[in-house]
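Everything below concerns the one structure shown next.
The figures that follow rest on heavy atoms only: side chains count, while hydrogens, waters and symmetry mates do not. Note on naming: letters A, B, ... go to the chains in the order of the sequence lines (proteins, then strands), and numbering restarts at 1 for each one.
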Amino acid sequence: MLLLFLAALYIASCKGRQEDEMIVYNKNSAALSKIDSATETKIITEMPATFGIGRKATNAEIKAWDIDVRPDGKGLPYGSGNATEGKVIFTQKCAACHGKEGEGGAYARLVGAMGDTVKAKTIGNYWPWSTTLFDYIRRTMPYNMPGSLKDDEVYSLTAYLLYRNKIIDSTKNMDAKSLPKVVMPARQYYVDDDRRGGPEIR
Amino acid sequence: MERPKEEKEYSFNDSKKINRRLLLGSVAASAVIALVKTTTGQFVPAAVAKPASAPPDPTKVQGPPPGAVGTRSPFEQLAKKTSDTSSRTPLQSLYGTITPSDLHFERHHGGVPVIDPTAYKLVIHGMVKKPMTFTLNDLKRFPSVSRIAFLECSGNFRSGKQEMTPQEICGLTSQSEWTGVMLSTLFREVGASPKATWFLAEGSDAAVMTRSIPMGKGWNDAMIAYGQNGEALRPQQGYPARLFLPGWEGNTNVKWIRRIEVSDQPFMTREETSKYTENIKDGKIRQFSFDMDARSIITFPAYPVQLDKGWVEIKGLAWSGRGKILRVEVSVDAGKKWYPATLQEPVLDKAHTRFRFLWKWNGNETEIMSRAIDETGYTQPTLQQLIDARGTDMGGYHLNPITAWIIKRDGSVLFKPEKWK
């Protein structure tokens with residue numbers, strides 16, 4: 001008796017489960033009945049909201065890749081560094097491409113304070129957000145070993161480059177709290193795209 | 001470093017087997033060059049014109065049997081023009097509107113990564129109900145779409161001398177049929193928050209390149225593409241999967257995409273702040289300039305073509321990131337009078353559109369040029385109009401000026417460079 005009851009319960013639960021239904025999507029279906037009685041196939045005229053494809057992302061895999069840093073500081077890791085420490089690392093790992101003190105070499109000039117005569121677009125005269133420095137250095141530098149710098153090293157290099165661009169002083173520590181507070185001189189010049197199509201040239 | 005690679009790619013040594021069978025007869029090298037010249041608009045640098053040859057009478061020898069993979073004719077010398085940062089599509093050598101995948105322009109920020117498709121995954125997280133991971137196979141199981149559209153780098157204008165080809169002036173635009181899953185389908189699958197306004201797209205190249213994209217574009221027509229012109233994406237275009245944003249500047253179409261983070265603000269990545277922004281008037285810097293404005297270029301006749309007097313079919317491409325091309329106008333008298341060109345149907349939304357214009361050249365020196373008009377009513381500007389709108393300090397991104405070709409009495413065709421600084 002109990003067995004029969006359990007079996008009935010099992011069958012009932014199966015019937016109610018969506019994955020056991022035969023469904024076809026046909027947005028132009030004129031069928032009045034949403035169930036084809038001959039084949040017990042359900043006809044839907046709107047795409048399903050979800051398909052049940054893919055799996056839940058694990059916290060570990062998100063953490064391994066989620067390296068971005070937002071202007072509000074979200075994403076900045078534990079750690080800190082200052083310009084003095086940054087100068088040592090810069091000499092070892094960055095100067096070969098960017099010049100001895102960031103004045104440029106085979107690759108981009110990084111130093112040129114707002115108002116200087118430097119024509120190149122630099123961190124000092126063009127970069128609008130301080131957090132971008134940390135994000136970019138950490139994800140892609142140095143060129144020959146991208147992504148190899150420790151968080152403290154990235155903070156130190158960020159501090160050094162802000163110092164060299166006359167934005168912070170040489171003793172200021174950069175960390176998750178202080179970095180987002182650094183206001184970049186160029187930020188005030190940034191405007192959103194105002195092109196809209198139509199007859200006007202912008 | 002680039003050059004030997006290029007030579008290797010296009011040398012005949014790679015297809016020795018086929019060549020040996022093809023080289024059954026021998027023809028003087030000069031005849032080969034003449035043959036190449038008859039295909040209108042083709043430019044074959046002398047150095048590349050290797051002595052490929054055909055039998056004197058192809059009806060008298062058996063040809064090679066069917067092959068596993070087709071090859072380009074050894075008489076066709078198509079190549080991208082490479083520099084340290086990019087390689088350019090030979091617009092002047094192509095017909096119709098589809099760019100052969102191996103000639104699609106390239107611009108990378110950390111080289112071309114090698115990604116094992118069986119190890120590939122795309123993670124979508126942030127402001128979503130359920131953060132999810134999709135394998136390549138997962139992506140292919142979703143409902144798919146195909147769409148023909150152009151992809152153009154926003155830094156696609158070079159000038160400075162008369163001896164420049166369309167490829168050199170604006171070869172950073174190409175067109176493919178892209179196949180993939182709509183990003184909106186994936187957004188529904190993960191339950192993206194209606195409060196989200198931006199998402200971050202991140203690639204798995206050595207630059208781990210990132211761009212912030214408004215959610216509106218993601219819901220509207222963004223695609224995670226895995227197909228290009230009928231086959232899997234080429235590695236240079238993001239194999240095994242990339243973001244494709246119809247009509248938007250190339251850099252936002254993140255290749256080798258590995259992660260999407262849904263957010264309520266832009267991330268202000270390096271590629272959307274220190275790069276891909278442009279100086280405009282009053283010291284302002286314009287940011288998030290996503291749409292590619294309408295543009296056109298005459299690809300024949302163009303440098304280094306030698307033009308013959310008489311009937312000429314002027315040919316070119318027009319496109320707009322804001323919709324369909326409504327009209328292309330051509331001038332054969334340095335811009336005094338403009339006439340409508342014929343557009344090749346079907347004219348597609350946000351797609352390269354082929355235009356043609358018949359003209360009988362009387363042998364006098366003149367200038368020819370084209371201008372595109374899109375369905376928003378935008379008319380491709382002159383360089384002077386761009387300067388007037390943006391100032392003389394205007395940056396190098398989103399420059400789409402009318403491009404003029406000077407035709408000399410001797411039939412030589414030269415680019416007309418204009419200075420603005």
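Residue B:Arg270 touches chain A through both its backbone and its side chain, counting heavy-atom pairs closer than 4.5 Å. With a threshold of 4.5 angstrom between heavy atoms, B:Glu261 approaches chain A through side-chain atoms but not through N, CA, C or O. Contact of B:Glu271 with chain A is made through the side chain alone, with heavy-atom distances under 4.5 Å. Heavy atoms of B:Pro143 lying under 4.5 Å from chain A belong exclusively to its side chain. With a threshold of 4.5 angstrom between heavy atoms, A:Phe51 approaches chain B through its backbone and through its side chain. Only the side chain of B:Ile280 has a heavy atom closer than 4.5 Å to any heavy atom of chain A. Heavy atoms closer than 4.5 Å to chain A are found in both the backbone and the side chain of B:Lys284. For B:Lys281, no part sits under 4.5 Å from any heavy atom of chain A, backbone or side chain. Only the side chain of A:Lys121 comes within less than 4.5 Å of a heavy atom in chain B; its backbone stays farther off. Neither the backbone nor the side chain of B:Thr135 comes within less than 4.5 Å of any heavy atom of chain A.
Checked for salt-bridge contact, A:Arg196 and B:Asp293 miss the test: no charged N lies under 4.0 Å from a carboxylate O. Contact check on B:Arg259 versus A:Asp66 returns a salt bridge, with a Lys/Arg side-chain nitrogen under 4.0 Å from an Asp/Glu carboxylate oxygen. Using a 4.0 Å cut-off between charged nitrogen and carboxylate oxygen, A:Asp192 and B:Arg286 do not count as a salt-bridge pair.
Annotation for B:Thr269 and A:Thr132: closest pair C-CG2, 3.6 Å, computed over non-hydrogen atoms.
Using a distance-only test at 3.5 Å, with no hydrogens or angles considered, no donor-acceptor pair links the side chain of A:Tyr143 to the main chain of B:Gly110. In this structure a side-chain-to-backbone donor-acceptor pair under 3.5 Å is missing from B:Thr376 to A:Gly197.
Chain A forms more heavy-atom pairs under 4.5 Å with one residue of B:Arg188, B:His125, B:Glu189, B:Glu375 than with any other, namely B:Glu189. Options B:Gln265, B:Arg141, B:Arg390, B:Gln385 differ in how many heavy-atom pairs under 4.5 Å they form with chain A, and the most are formed by B:Gln265. Of the listed residues (A:Asn59, A:Thr140, A:Asp68), the greatest number of heavy-atom pairs within a distance under 4.5 Å of chain B belongs to A:Asp68. Listed options B:Thr277, B:Leu186, B:Ile124 were ranked by heavy-atom pairs under 4.5 angstrom with chain A; first place goes to B:Thr277.
When each of B:Leu386, B:Asp388, B:Asn400 is paired with A:Ile201, the side-chain contact (heavy atoms from CB on, under 4.5 Å) condition holds for B:Leu386 and for no other.
Counted by atom type alone, A:Arg70 and B:Ser263 present one or more donor-acceptor pairs between their side chains at under 3.5 Å. Using modelled atom types and a 3.5 Å distance limit, the side chains of A:Asp193 and B:Gln287 yield no donor-acceptor pair.
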(message) side-chain contact (heavy atoms from CB on, under 4.5 Å), that's the test. Do A:Arg139 and B:Glu202 meet it? Break it down for me.
(response) CA-CA 11 Å; A:Arg139 73 172 59 241; B:Glu202 182 178 87; 2.8 Å; yes

